Each structure stands twice: as C-alpha cells, then as structure tokens.
**Q** 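The structure is given below, and queries will be raised subsequently.
Lettering follows sequence order; numbering is per chain, from 1. Everything quoted here is computed from the prediction, not taken from an experiment.
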Amino acid sequence: MYNPQALEKKWRTRWVEESTHRVQEDSGKPKYYALDMFPYPSGSGLHVGHWRGYTISDVWSRYKKLQGYEVLHPMGWDAFGLPAENAAIKLGIHPAVSTASNIANFKRQLEQIGSVYDWSRELNTSSPEFYQWTQFFFVKMFERGLAYRKKMPINWCPSCKTGLANEEVVEGRCERCGTEVTKKEMTQWMLKITAYADRLLYDLDKLDWPDKVKRMQAAWIGRSEGARIRFSIQNYEDESIEVFTTRPDTLYGATYMVLAPEHPLVQHITPANRRSDVDTYVRETLKKSAIARQVVDKTKTGVFTGAYAIHPLTGHLLPIWIADYVLMEYGTGAIMAVPAHDLRDYEFAQTFGLQIVEVISPTGEILTAPGATPNLFTEAGKLVNSGAFDGLDSQQGQKAIVEELVRHGMGEATVTYRMRDWVFARQRYWGEPIPIVYCDVCGAVSVPVEQLPVSLPAVERYEPTGTGESPLAAIAEFVNTRCPKCGGPAKRETDTMPQWAGSSWYFLRYPDPHNSQQPFSKESANKWLPVDMYIGGVEHAVLHLLYARFFTKVIHDLDLIDFDEPFQRLFNQGMLTLQGVKMSKSKGNVVNPDDIIAKHGVDALRMYELFVGPPEDDAEWNTNGLEGVSRFLARMYRFFISHLGDNASSRPELERLRHRFVANLTERLTSFRLNTAVSSFMEYLNALQDVTAGIDEATLTTLAITISPFAPHMGEELWAQLGHETSVFTATWPTYEERWLADEEMEIAIQVNGRIRARLTVAADISEDSAVAAAQAHAELAPWLNGKTLVKSVYVPGRLINLVVKD
RNA sequence: GCCGGGGUGGCGGAAUCGGCAGACGCAGCGGACUUAAAAUCCGCUGAACCGUAAGGUUCGUACGGGUUCAAGUCCCGUCUCCGGCACCA
C-alpha cells in the first residue's frame with residue numbers, strides 16, 4: 001500500500017544523512033544554476049500559493065540533475081524589511097529575534113517540499129557577514145560617484161512621522177496607517193542608475209525573459225529621443241527656460257510656455273502684481289497628493305506668471321504659465337506648449353483661451369480656415385506655417401530645426417529617460433547602515449572597506465524620532481565616531497539602505513557563501529553565473545530585477561565579474577487563487593500545505609502544483625484536482641509494486657509505449673508545459689494498464705527515473721525497489737529512438753470537401769497515390785463520391801486525406 | 001487613453017508547424033466487487049436532430065466577415081475579461 005507520509009519521511013532523512021543535495025564543486029559536470037527569488041521571511045508562513053514557484057524550480061533542478069548537470073539550487077532570506085520593524089514597534093520584539101523565528105518556520109516548511117536546496121549555502125541579508133558586503137558595494141559606488149546625496153522631496157507620512165519608500169505607498173496612502181502621503185524635502189542618498197539606462201535597455205535583447213517583463217522594463221526606463229531647446233526670457237537676459245520636446249518639428253506652433261509649479265525660475269521671473277496668484281497656486285499644488293495630481297483629476301489648471309519667453313526662431317513673445325500638468329521630475333520641468341499638436345496643451349489652451357496655431361498638416365495644406373480654431377492633430381505630417389521649413393515632413397523638419405537651433409546655440413538633440421535615480425536611503429532601523437561618516441573637515445567620507453561592517457547597534461526604541469531621522473540618530477555611541485581620513489571627530493550617517501539592497505546582489509554570493517575576505521571570488525562567480533534559470537513572481541518585473549541588473553553591471557565595471565547580466569533565463573509563475581481571489585493570509589483564503597501533506601503527502605502536492613494549470617498562468621486551487629493527482633500516484637505505486645517480479649521480456653508493444661512516453665514527456669518538460677508533463681504520466685500509466693502480459697524492467701526503470709523530478713520521494717522508493725542502492729538522482733534521464741515513434745499501420749481520416757466521411761487504416765509508408773486510391777475505393781465514401789469529379793486531393797501523411805470533388 | 005495577453009464541454013485545461021477539436025484530470029451517469037459502505041476496477045459523458053437499434057446528419061473553440069482543399073490556429077472588424085503604464089512633453 002502506498003503510504004506517502006512514511007515513505008517521504010524515510011527519504012528526507014536519508015537525503016540529509018547522505019548530504020545528497022550538497023553541490024559537488026569538483027564533479028566535472030557542466031554547471032546549472034537554478035535560482036528561486038529568495039523570500040522575505042514573514043510571520044505568516046508559506047501557503048500552497050508560495051509553493052508553486054518553489055515546486056517548479058525544484059522539478060526543473062532535479063530534471064537538470066538527471067540530465068547530467070551539476071546543479072546549484074540554493075536558498076536564503078531577504079531578511080531586512082519593514083514588517084519585522086513594525087512588529088518590533090508594536091510588540092517590542094527585536095527584529096533580529098522575530099526574523100530568526102520566522103526563518104526557522106520558513107525553513108521547516110521549505111524542507112518539507114523535498115527540494116534539493118543546498119542548505120550549506122544558506123544566506124541571510126541581515127547577518128553582518130552578508131551585509132558587510134552590501135556596504136562594500138555601496139562604498140565602491142560612492143568612490144565611483146555612483147552614490148551621491150541630493151536634496152529632494154520624498155514620500156512622507158505625517159501620522160507615522162517618517163519617510164516612506166515608494167513601495168510603502170499604496171494608492172497614495174501609507175501602508176501602515178492609511179494616512180494620505182505628502183512630500184517632504186529631505187537630503188537623500190541616491191544611486192545613479194540613470195547612468196546605466198541605455199545598457200539596461202539594450203541588454204534586454206540578450207536575455208531569455210518573458211516579453212512582458214522586457215516590455216515593462218523598457219517602459220520603465222522610458223527612453224525618449226528629442227531635443228533640448230532654450231527660450232530666453234523677456235527682461236531677464238541672463239536667464240533662460242530650457243525645455244525638452246520629442247517634437248522639435250512643431251516648434252513654430254509653440255504659443256506659450258509652461259513651467260512646473262516647483263520650477264526654480266518661477267519665483268524669480270514672477271512680477272510683483274502676479275505674485276499672490278502664483279504663490280497660491282504653487283502652495284495648492286504642493287498640498288495635492290500624488291494621486292490627486294497625476295491620476296484622478298486631469299482637468300487642466302494653471303496661472304499666468306506675467307512673464308514672457310522669446311521664441312528662438314520667430315522672436316514672438318510667448319506667455320509663461322505654471323501648471324501642475326508639467327512635472328518637475330521629468331525632462332527639464334518645463335515645456336513649450338504646442339496646443340495644435342498635443343492633447344494636453346490643446347486642452348489647456350482651450351481652457352484658458354490661448355492661441356492655437358496649426359504647424360503640422362496631414363496633407364501639407366493648411367487645413368484651418370482663417371479665424372477658426374485648428375483641430376488637434378498629434379501625428380507626423382508636413383510642416384506648415386513654419387517659415388523656411390514649410391513642406392518638410394515631420395522627420396526632416398525635426399532634423400532641420402534642430403540643426404538651425406544648434407547654429408544659433410539655442411538647442412540640441414538629446415535623450416531623456418523616464419527612469420530616475422534610485423532613492424537609496426530610509427529613515428528606518430532594520431536595514432544595512434549606510435557606511436558613510438561626516439567630518440567637519442573632510443566632508444562625507446566612506447568607511448574603509450576593511451573596517452566593514454558598520455554594525456547595526458542594539459536600540460531601545462525602534463520608533464522614528466519624528467524629525468525624519470532614523471532611530472539610529474538617537475544612539476550617541478553609534479553616531480559619534482572618528483573620521484577615517486583625518487581622525488577628527490565625525491558623525492555617522494544614520495539612514496539605512498532600502499529593502500532592495502541585499503537582493504540586488506545575493507545571487508553572486510551563493511557560489512562562495514562563506515568567503516570572509518571578499519564578497520565572492522571572481523572565479524566562483526564566473527563559474528556559476530549567470531543564473532541559468534531564475535524563478536519568481538512577476539511582481540518583481542521592474543524593481544528587483546532592474547536593481548539586480550544595475551548592481552551586476554556596476555560590479556562588472558568594477559572588474560569583479562566577467563558577465564554583465566545576472567539572469568539569463570527568467571520564468572514567472574502564476575499565482576494561485578481561491579474563489580477567484582489571490583491567495584493571501586491577509587485575505588484569509590490560504591490553503592495550508594501542512595494539512596495537504598498530512599492527508600496526501602508532499603509528492604501529491606508537488607504534482608498538483610504543476611497539474612493545476614499552465615505554470616505561467618494564474619490558477620484556481622481545487623481540492624478535487626489534488627485528489628485526482630493523489631489517486632494517480634497511488635495507482636502508479638500499486639502498478640509498479642505489483643509488476644516488480646514480472647521479469648517479462650521486452651516486446652514491441654512495450655518499447656513503443658515507452659519510447660513515445662519519453663519523447664512526449666521530454667518535449668513537454670523542455671517547453672516548460674509542466675501541467676501537460678503530468679498528463680504524460682497519466683496517459684502512459686493508462687496505456688500500461690491495458691497491457692495484458694507482464695511488464696519489462698526497462699519500463700519500470702523508466703518510470704522510476706522520470707517520476708523522480710516530480711515526486712522525488714516516490715522516485716527514490718521505486719528506484720530502491722528495483723534493487724539500486726544509490727540515489728535515483730545518480731541515474732540518467734532516458735532517451736528515446738525515433739523508430740519507435742511511428743506505427744507500422746495507422747488510421748487516417750478521409751475527408752470529402754473538408755468534412756470527415758470515413759476512416760482508413762493504411763501502412764505508415766504508403767505513397768500518396770496509393771492512399772488516395774484506397775480512399776476513393778472506400779465503400780463508405782460512395783454516397784459522397786458517386787457522380788462527382790475528383791478535382792484535387794491532399795494527403796497529409798499519417799493524418800488525413802482530403803478529396804475535393806465537384807458535380 | 002496607450003501598450004500587451006486572453007475568451008475552447010458542467011469545471012480545470014489539451015491541441016502553438018493551418019491537417020481527425022475536447023488529451024489528461026475533476027464532476028456526473030451506469031455497472032462490477034461488497035451483507036453494506038469506503039477504497040478500487042470497468043463503461044459512457046460537447047449540443048441538437050433522425051433512428052426500435054446498430055448507426056447517422058447537422059451545429060460547435062466570444063461575435064461578424066475573409067483567406068484556404070482544410071482555420072481554435074492566419075488576416076480584417078466588433079464585444080469582453082485580465083495585466084502593465086497613465087498629464088513622461
């Protein structure tokens with residue numbers, strides 16, 4: 001009888017005792033690095049939804065192992081983060097303590113999956129042995145000018161009195177207390193990810209990633225080609241407004257200018273009589289939350305500053321307005337408004353009665369009657385009302401106008417990105433301290449790498465101070481230090497790094513996890529990376545995956561590794577739903593794996609995680625489906641045991657079934673259709689159960705080996721039952737021979753005018769002529785063929801014959 | 001609004017090179033075994049119509065067109081669901 005719990009316990013114990021999952025660095029086999037996105041060890045534990053990705057990566061790892069690869073399949077903990085800190089504030093438990101107990105629970109659950117994780121390489125981003133190297137990379141970036149400080153507005157929760165990361169702002173509100181988030185001007189550490197924008201964009205081509213993720217990253221980077229144009233300001237000869245536009249061909253249609261309300265020139269150029277209106281508008285804009293300004297209400301608002309810009313080519317005076325539809329963060333924070341050819345400018349001009357001039361025409365004719373308002377036209381066309389440039393098409397016009405601007409020193413072609421530099425600081429306790437010291441004499445100085453880590457000190461209270469400073473700022477012993485350069489008195493930076501820091505490079509550490517001299521040896525990284533298969537949720541499509549790519553490129557430029565992309569292949573598993581809703585603890589609709597295992601065993605749960613649907617699609621959890629898979633495993637076990645002693649000899653019937661099964665299964669695995677791979681086993685077993693005489697050993701061996709990536713405990717058991725003393729994972733994935741895939745005879749369909757009218761059994765190698773002749777002679781077809789003329793016949797070997805007839 | 005991906009039996013899903021739609025599983029129905037049940041095993045199972053029956057015909061992959069000997073698959077249009085972005089100049 002199949003007793004999964006006993007059997008699974010036996011093999012799990014054996015795997016631990018024999019260190020089966022240890023990577024053999026000197027095996028001489030080709031390497032394969034299969035990686036899960038490591039989890040944040042939350043207090044709520046894992047549910048069957050989390051299991052999906054881990055199961056997929058484990059099945060894949062074991063399959064690769066059977067194919068003869070030395071597989072590195074490690075696991076660790078993304079252990080710094082807000083939930084632990086918030087729990088500390090609420091319950092007074094030190095984050096290190098709660099994190100450690102959460103990790104223990106996660107590890108217990110993950111070990112149950114039966115994964116081939118090599119736990120000797122376990123990582124924890126919150127341990128000093130790990131985060132000293134996170135700090136090391138920060139220092140290296142600082143030395144290269146890639147880490148810098150900037151004063152800028154950040155998300156601020158007035159209730160929690162703390163700065164928030166972008167990911168902690170949910171629909172404009174604080175994740176913790178629901179208060180609407182405002183902006184607060186603060187000096188922040190930034191990483192210059194924009195310096196890598198083009199490489200991050202173009203190197204996407206090298207990656208075997210889902211198109212969706214590539215598109216999301218490309219959109220996030222948002223590369224945009226255009227021109228920078230300077231407009232001088234009437235009565236302010238030493239000032240100018242610089243704008244960015246993707247449509248320099250529309251320059252003659254610019255009828256007004258708009259500055260972002262926060263633009264530094266606003267205060268300068270506003271005359272006294274306009275000051276109060278302008279100040280009021282600026283104040284109101286700053287009060288508006290990000291959602292109110294950007295998403296919900298797109299009604300155009302703004303005020304005239306009273307100042308005028310001078311058109312660089314016509315010399316016309318253009319009124320300068322401020323409006324919140326122009327964002328300070330993008331481009332130069334100022335635009336030239338071309339209302340005839342831009343929807344937003346059009347709406348704004350209509351609202352405030354500003355001039356609209358047609359300069360691009362689809363036909364090359366001026367389409368606007370004198371005195372009439374031009375229609376909005378945002379596509380490319382031919383230039384009109386554009387002086388010497390009339391008649392050029394948009395593309396030529398852009399080039400010619402930019403050249404003209406360059407000649408006058410009024411502008412040039414340029415590229416702008418949507419992506420901004422990365423705010424890399426948080427006023428929080430539970431993160432990597434930023435290894436910087438401020439000295440009155442030397443300024444901001446990085447802590448020498450040999451003095452790392454800058455350890456996170458114990459604190460009494462985790463609450464932010466209320467001034468926007470980290471809790472670390474209240475600890476004098478931590479803050480007061482000596483300048484590493486001059487030895488004088490100095491103060492430490494008290495901000496910590498964001499949660500994304502450790503996960504940006506952890507995959508480089510697994511090959512060399514205990515190195516105390518360097519983050520990793522170049523040799524080990526070059527041996528194991530890039531990661532061959534990276535598996536995790538699509539929610540990390542942009543942030544984590546972009547940051548990790550950025551770090552990898554920086555580390556490559558530091559000459560510490562030879563590759564510059566971390567993850568060659570990426571797979572995003574779909575999530576599991578229950579009653580159509582994403583499974584999550586907070587929604588209270590989780591299925592606990594422990595219960596399933598107690599009833600059906602780990603192997604059944606693993607099989608069902610695959611069988612539930614295409615691995616990349618979301619899928620609805622269904623207990624009946626799980627029971628089906630569980631029944632199958634029991635049936636398979638019974639079948640196997642009952643035929644162990646058959647000693648039957650090989651025969652064509654069995655050979656044919658086996659080779660077809662292996663071909664079929666391998667194809668489905670290779671193309672990652674894992675749900676159908678499970679079906680392959682069911683189909684094979686159904687066919688084998690129709691076999692009347694005994695089963696040969698090759699069939700049983702094949703079953704034991706092929707089932708083992710999916711149901712590894714059963715695989716080991718069946719393999720042992722066959723008399724083997726070593727692990728089934730020392731075996732080799734079976735191959736198949738083409739000659740067994742084709743039948744000697746086969747049934748094909750016969751169509752008349754595309755409709756199936758009969759079936760015919762023919763020899764596999766029958767010629768087209770004979771096949772067609774046999775079809776025509778088929779008695780059942782007589783009613784469809786009599787009195788008609790055959791005009792054409794189509795023969796698809798092994799499939800069908802189509803006879804095209806007419807009266 | 002823009003970009004992308006989907007809509008196939010009662011359900012989850014197969015069929016991705018244009019070639020027999022519905023593999024496999026679930027649910028359902030009928031049967032075997034059993035004193036009975038559970039478990040297990042066997043058979044049937046897209047719809048409508050014709051036929052006592054064996055069997056047959058027609059329809060059928062969101063909807064409407066098209067290409068083709070042949071369309072779930074390719075093309076055009078429409079509806080709808082999901083995801084991403086969202087005043088990015």
**Q** Which sits closer to the 5' end of RNA chain B, Val796(A) or Gly625(A), going by the nucleotide each is nearest to?
**A**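 The residue closer to the strand's 5' end, by nearest nucleotide, is Val796(A).
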**Q** Could you tell me how far apart Glu379(A) (CD) and C2(B) (P) are, to the nearest whole angstrom?
**A**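 In whole Å, C2(B) P and Glu379(A) CD are 11 Å from each other.
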**Q** Is it the case that Lys300(A) places NZ or CZ above or below the six-membered ring of Tyr325(A), under 6.0 angstrom from the centre and within 45 degrees of the axis?
**A**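 Here Lys300(A) passes the 6.0 Å and 45° test against Tyr325(A).
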**Q** Pair Leu605(A), Val48(A) - check side chain to side chain contact (heavy atoms under 4.5 Å, CB included), show working.
**A** CA-CA 9 Å; Leu605(A) 178 50; Val48(A) 295; 4.2 Å; yes
**Q** How far does the C1' atom of G60(B) sit from the matching atom of C20(B), given to the nearest Å?
**A**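 It comes out at 15 Å once rounded to the nearest Å.
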**Q** Please evaluate the base of C26(B) for a donor-acceptor partner in the side chain of Asn624(A) within a cut-off of under 3.5 Å?
**A**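 Answer no: no donor N or O sits under 3.5 Å from an acceptor.
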**Q** Report yes or no: does Gln5(A) contribute a side-chain atom to a donor-acceptor pair with the main-chain N or O of Ala598(A) at less than 3.5 Å?
**A**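 Flag set: sc Gln5(A) to bb Ala598(A) pair under 3.5 Å.
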**Q** Provide the distance between the two C1' atoms, one in A54(B) and one in A36(B), to the nearest whole Å.
**A**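 It works out to 38 Å between them.
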**Q** Could you state the atom-to-atom distance from CD of Glu683(A) to C1' of G22(B) in whole Å?
**A**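 It works out to 13 Å between those atoms.
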**Q** In whole Å, what is the span from the CD atom of Glu539(A) to the P atom of C82(B)?
**A**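 Rounding to the nearest Å, CD of Glu539(A) and P of C82(B) are 19 Å apart.
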**Q** Counting side-chain heavy atoms from C-beta on, which of C87(B), C69(B), C20(B) comes nearest to Asp324(A)?
**A**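 My answer, after comparing the listed nucleotides, is C87(B).
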**Q** Nearest to the side chain of Arg638(A) - U40(B), A23(B), G19(B)?
**A**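 Closest nucleotide among those given: U40(B).
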**Q** Donor-acceptor check, side chain of Thr305(A) to backbone of Ile320(A), threshold 3.5 angstrom: yes or no?
**A**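 It does hold such a pair.
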**Q** Whole Å only: how far is the CG atom of Leu665(A) from the P atom of C24(B)?
**A**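 That distance rounds to 16 Å.
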**Q** Dot-bracket, RNA chain B: Watson-Crick or G-U, under 3.5 angstrom, [ ] crossing, | other strand?
**A** (((((((..(((......[....))).(((((.......))))).(((((....)))))..(((((..]....))))))))))))....
**Q** OP1 or OP2 of G25(B) versus the side-chain N and O atoms of Asn686(A): is any pair under 4.0 Å?
**A**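 For G25(B), OP1 or OP2 has a side-chain N or O of Asn686(A) closer than 4.0 Å.
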**Q** Quick one: do the Asn802(A) and Arg755(A) side chains pair a donor with an acceptor below 3.5 Å?
**A**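 Not at all, the side chains of Asn802(A) and Arg755(A) share no donor-acceptor pair under 3.5 Å.
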**Q** Assign Glu627(A) to base, sugar-phosphate, or nothing according to its heavy-atom contacts below 4.0 angstrom with the strands shown.
**A**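 It contacts nothing in the nucleic acid.
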**Q** Which value, in whole Å, describes the distance between the P atoms of nucleotides G7(B) and A62(B)?
**A**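 Roughly 7 Å separates the two P atoms.
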**Q** Kindly indicate whether the side chain of Ile401(A), heavy atoms from C-beta on, has any atom under 4.5 Å from the side chain of Leu383(A).
**A**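 SC-SC contact between Ile401(A) and Leu383(A) confirmed.
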**Q** If you define the side chain from C-beta out and look only at heavy atoms, does anything of Thr577(A) sit under 4.5 Å from Met583(A)?
**A**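 They are not in contact (no side-chain heavy atoms under 4.5 Å apart), so the answer is no.
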**Q** Expressed as a whole number of Å, how far does the P atom of C24(B) sit from that of G43(B)?
**A**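 Those two atoms are separated by 12 Å.
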**Q** Is it possible for you to check whether Arg656(A) lies under 6.0 Å from the centre of the six-membered ring of Phe661(A), through NZ or CZ, and within 45° of that ring's axis?
**A**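 No, Arg656(A) does not sit over the ring of Phe661(A).
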**Q** Taking atom P in both U8(B) and U61(B), what distance in whole Å separates the two?
**A**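 Their P atoms lie roughly 11 Å apart.
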**Q** Could you tell me how far apart Tyr795(A) (OH) and A70(B) (C1') are, to the nearest whole angstrom?
**A**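 Distance, rounded to whole Å: 16 Å.
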**Q** Taking the C1' atom in each of U73(B) and U67(B), what is the distance between them to the nearest angstrom?
**A**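 U73(B) and U67(B) have their C1' atoms separated by 14 Å.
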**Q** C63(B) and C44(B): how far apart are their P atoms, nearest whole angstrom?
**A**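 Straight-line distance between the two P atoms is 30 Å.
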**Q** Would you give a per-nucleotide map of nucleotides 3-17 of chain B, 5' to 3', where B means the base has a protein non-hydrogen atom under 4.0 Å away, S means only the sugar-phosphate does, and - means neither?
**A** -S-------BSSS--
**Q** Would you kindly compare Gly798(A) and Asp690(A) by the position of their nearest RNA chain B nucleotide and give the one closer to the 5′ end?
**A**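 Per heavy-atom nearest nucleotide, the more 5' residue is Gly798(A).
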**Q** Within this structure, what is the CG-to-C1' distance between Asn802(A) and G18(B), rounded to whole angstrom?
**A**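 That distance rounds to 13 Å.
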**Q** Looking only at atom C1', what distance separates G51(B) and U80(B), rounded to whole Å?
**A**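 Each nucleotide's C1' atom is 41 Å from the other's.
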**Q** If you check every side-chain atom of Met682(A), which of C24(B), A89(B), U40(B) has the closest atom?
**A**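 Nearest listed nucleotide: C24(B).
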**Q** Mind calculating the distance between OH (Tyr346(A)) and C1' (G1(B)) to the nearest angstrom?
**A**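 So the OH-C1' distance, Tyr346(A) to G1(B), works out to 17 Å.
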**Q** Looking at Asn572(A) and Pro210(A), would you say the former's side chain and the latter's main chain have a donor-acceptor pair under 3.5 Å?
**A**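 Not confirmed, Asn572(A) side chain does not pair with Pro210(A) backbone.
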**Q** Under a 90° cut-off about 0 for the syn range, is G56(B) syn or anti?
**A**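 With its glycosidic angle more than 90° from zero, G56(B) counts as anti.
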**Q** Can you tell which of U40(B), C87(B), C20(B) lies closest to the side chain of Arg631(A)?
**A**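 Output: U40(B).
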**Q** Measure from the side-chain heavy atoms of Arg418(A) and tell me the nearest of A21(B), C85(B), U58(B).
**A**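 Output: C85(B).
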**Q** Hey, does Ile756(A) reach any base, or is it just sugar-phosphate, or nothing, if we go heavy atoms under 4.0 Å?
**A**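 The residue Ile756(A) makes sugar-phosphate contact but no base contact.
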**Q** Out of U58(B), C20(B), C69(B), which has the shortest distance to the side chain of Lys792(A)?
**A**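 For the Lys792(A) side chain, the nearest candidate turns out to be C69(B).
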**Q** Counting any heavy atom closer than 4.0 Å, what does Gln751(A) reach on the DNA or RNA strands: base, sugar-phosphate only, or nothing?
**A**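 Touches a base.
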**Q** Between the side chains of Thr332(A) and Glu242(A), is a donor N or O closer than 3.5 angstrom to an acceptor N or O?
**A**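 No, no side-chain donor-acceptor contact under 3.5 Å.
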**Q** By side chain to side chain contact (heavy atoms under 4.5 Å, CB included), which residues pair with Asn753(A), not counting sequence neighbours?
**A**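 Testing Asn753(A) for side chain to side chain contact (heavy atoms under 4.5 Å, CB included), a comparison that skips the adjacent residues, returns Val804(A), Val805(A).
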**Q** When you get a sec, tell me which of C69(B), A23(B), A89(B) is the closest nucleotide to the side chain of Ile335(A)?
**A**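 Nearest nucleotide to the side chain: A89(B).
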**Q** Decide whether Thr245(A) and Arg247(A) meet the rule of one side-chain donor and one side-chain acceptor closer than 3.5 Å.
**A**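 Arg247(A) and Thr245(A) do not have a side-chain donor-acceptor pair below 3.5 Å.
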**Q** Without decimals, in angstroms, what is the distance between Arg755(A) CZ and G19(B) P?
**A**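 One finds 19 Å between P of G19(B) and CZ of Arg755(A), rounded.
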